[in-house]
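Hydrogens, waters and symmetry mates are skipped; everything else that's a heavy atom, side chains included, is used.
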Amino acid sequence: MSQASQMLFGSEEPQRAVPVLVPVPADRPYSYAVPVGMAVEPGSIVQVPLGPRQVAGVVWDGETEVINPAKLREITKLFDCPPLQPAMRRFVDWVAAYTLSPPGLVVRMALRAPAAFDPEPMMEGFRFAGVSPERITPARARALELAASMPHWTRSGLAHAAGISAAVVDGLIKHGSFEPVALPPHPAVPLPDTTYGRAELNAEQISVADSLRAATVNADYGVTLLEGVTGSGKTEVYFEAVAAALDAGRQVLILLPEIALTQAFIDRFHTRFGAPPAEWHSDMPPRMREKIWRQAAEGRVRVVAGARSALFLPFRELGLVIVDEEHDPAYKQEERTFYHARDMAVVRASLEKVPVILASATPSVESRVNASQGRYEHLRLQSRYEEAALPDLSLVDLRRHPPARGRFVSPVLLTAIEQTVARGEQALLFLNRRGYSPLTLCRACGYRFHCQQCSTWLVDHRLRGQLSCHHCGHTEKRPESCPECGTMDHLVACGPGVERIAEEMLERFPNSRTVLLSSDLPGGPKRMRRELEAIADGGADIVIGTQLVAKGHHFPLMTLVGAIDADLGLANGDPRAAERTFQLLHQVTGRAGRSGRASRGLIQTWQPEHPVMQAIASGDEERFYERELAERERAGMPPFGRLSAIIVSAATRREAEDYGRALRAAAPDDGGIDVLGPAEAPLAVLRGRHRFRLLCQGSRQESMQVFLRRLFAAAPRPRGSVQVQIDVDPQSFL
DNA sequence: AGCACGCCGACT
DNA sequence: GTCGGCGTGCTC
């Protein structure tokens, strides 16, 4: 309340003040005065003055202490918008506490649709007034006949439906045959119809679908791990749980890794439910974003399929959460607020008291452990859909069958490619390395091209004529001479990237159609989609791709998959390296054999005895998971929790160092914490340095969270932005 | 996170 | 003599 109005009312009573969470890194809500006559409640979305600007915030729970009444400012406006539900507010608090980030920054993720807080404007429509105009034309007759069949119309809607021009409708409005009405805004997507395209499921699928449906109808928190090999119909099966939630009048959230948000998924959903789901991801048009946010809050949107940020949508009556490809590393957000969307989805489901389904062909080790310990229900789909058979997998020992000098494809694989192409089928060569070559060196002086900022090797991108750093994005022109000794034409590429494999295929099979797929190819997603469609239609013989070919695309003619350097990624020091490699190889070999024809997978490796290679070749996944667990146990890394990194970065380097000293003083002397300046921290994560194990003392069950809490209580966070990455399983804290 | 205030290099 | 780089501090 302003000074003037206080004098006007002459009141001695202090105004009512409420806590408001504003989207800044404050670790508690600020206090704002409630203007007389404004009815706010916890969850209300309000506009408040903050410094020089107006921001949207959320009225939070609890009482507020007004620290300095002179500073108290008034709420500017209460938005006409559904309040944030209690479960959602608890979720924000939970995520903030868990990630040790200020709640204000977490609530910001839930408010990322600025224009959505005001209601969408009503649309201008009209209805038939029962009066016919004096002059009737065929067009008018058609319009009037149609108009009477429905309660209301929009101008363009009627014109389109009647096959007449909008001018005819205008004329009828003018003559009073139609009277205007305000219509609710268009729905973002049509309502899904759960009876629309029921899939025909086999006996195994029906039994799994029944379990999922039962869990959904039960409408209480519970996690189900749905494990099904590629092509086993996982999606169709969990769609039955989606249908059950919709029939029960609840909303559904389907999380997908960003890359899997493809037209293919949308199409499958459309086929089952007669309408597409609402999409939610980072590069959506702002208008659509706002519409979906608003309609999710109002309950008008029933299903959202989205990337990890969809987790923060304000659903009104959430009934089911699905995390597809739950093992996918894209669920980890590693900037600003660090969180793992799969884990936070479990948390949200728990707070909303709804079931959650984690689906994958290759579950993460931690989910498998949760399942085996009985915290998750474990459902499996063992058989592949219809005639689709699993490919026949074998290892190619590169020591026994080495490629020719300066080449990277083994004679064994070359022969297989030749035979495949001769049969009119397709071969897929997978190599998870973009560019032409990961290292360029000078044969004259031994100089290695490296990034000035990161000291990592520069990757040769020959198609673009550039050397580029995959860590910081730095690029430079590919030089002719050595920058160290100046010698011309003595630069040599070491090791393969996909471009180099493509070159090798063009040389070896000049009459075959070779296609290169890589995320950095010119033309963007549109061109990529065209290429994928062309391949599916048989427009290529040999396809060479990075890990993007492992995800979700259906290539019916693909009967051979070759992994060029399957060991790549096993030796990079990542504690999850084996797991990641296993998942990637499993997925990419699953691309073959979906046509019912006999298919093969050949995996080139220098270490055929490695457990990952053995597991892939034998198909014995159980053994792999058991080994991986034992391995983590041996290394002192429990199956989940306490594994991984904590990266702390303060606003300035000096502050970071002061803070580091305080933290180390509070921590046991295992040196498990590293404190970095703001510029270094993200880079360090990327480079895979600074991965520390935090030794929690005591029992296995003692959580990292408890440890961190103690730590942070002992050394309060400095001002500025402190980022903490925690990579543990939140199950232990629910 | 924004945004303003404030103190040292290359320019109309 | 100024424009502007981003380091530092604040927002109820």
Whole angstroms only, please: what is the [atom1]-[atom2] distance between [X] and [N]?
X	N	atom1	atom2	value
A:Arg73	C:dC12	CZ	P	5 Å
A:Trp60	C:dC12	CH2	C1'	16 Å
A:Arg28	C:dC10	CZ	C1'	13 Å
A:Leu111	B:dG2	CG	C1'	16 Å
A:Gln54	B:dA1	CD	P	21 Å
A:Gln47	C:dT11	CD	P	20 Å

Ring-face cation contact, A:Trp280 with A:Arg289, 6.0 Å cut, 45° max: yes
Stacked cation flag A:Arg348 on A:Phe91, 6.0 angstrom / 45 deg: yes
Among C:dC12, B:dC3, B:dA1, the nucleotide that comes nearest once only the side chain of A:Leu72 is considered: C:dC12
Touch class at under 4.0 angstrom, heavy-atom based, for A:Pro49 against every strand present: sugar-phosphate
Touch class at under 4.0 angstrom, heavy-atom based, for A:Arg53 against every strand present: base
Distance below 4.0 Å between A:Arg108 side-chain N/O and B:dA1 OP1 or OP2: no
A:Glu298 and A:Arg294 ion-paired at < 4.0 Å: yes
Any side-chain donor near an acceptor of the partner, A:Gln295 and A:Glu120, under 3.5 Å: yes
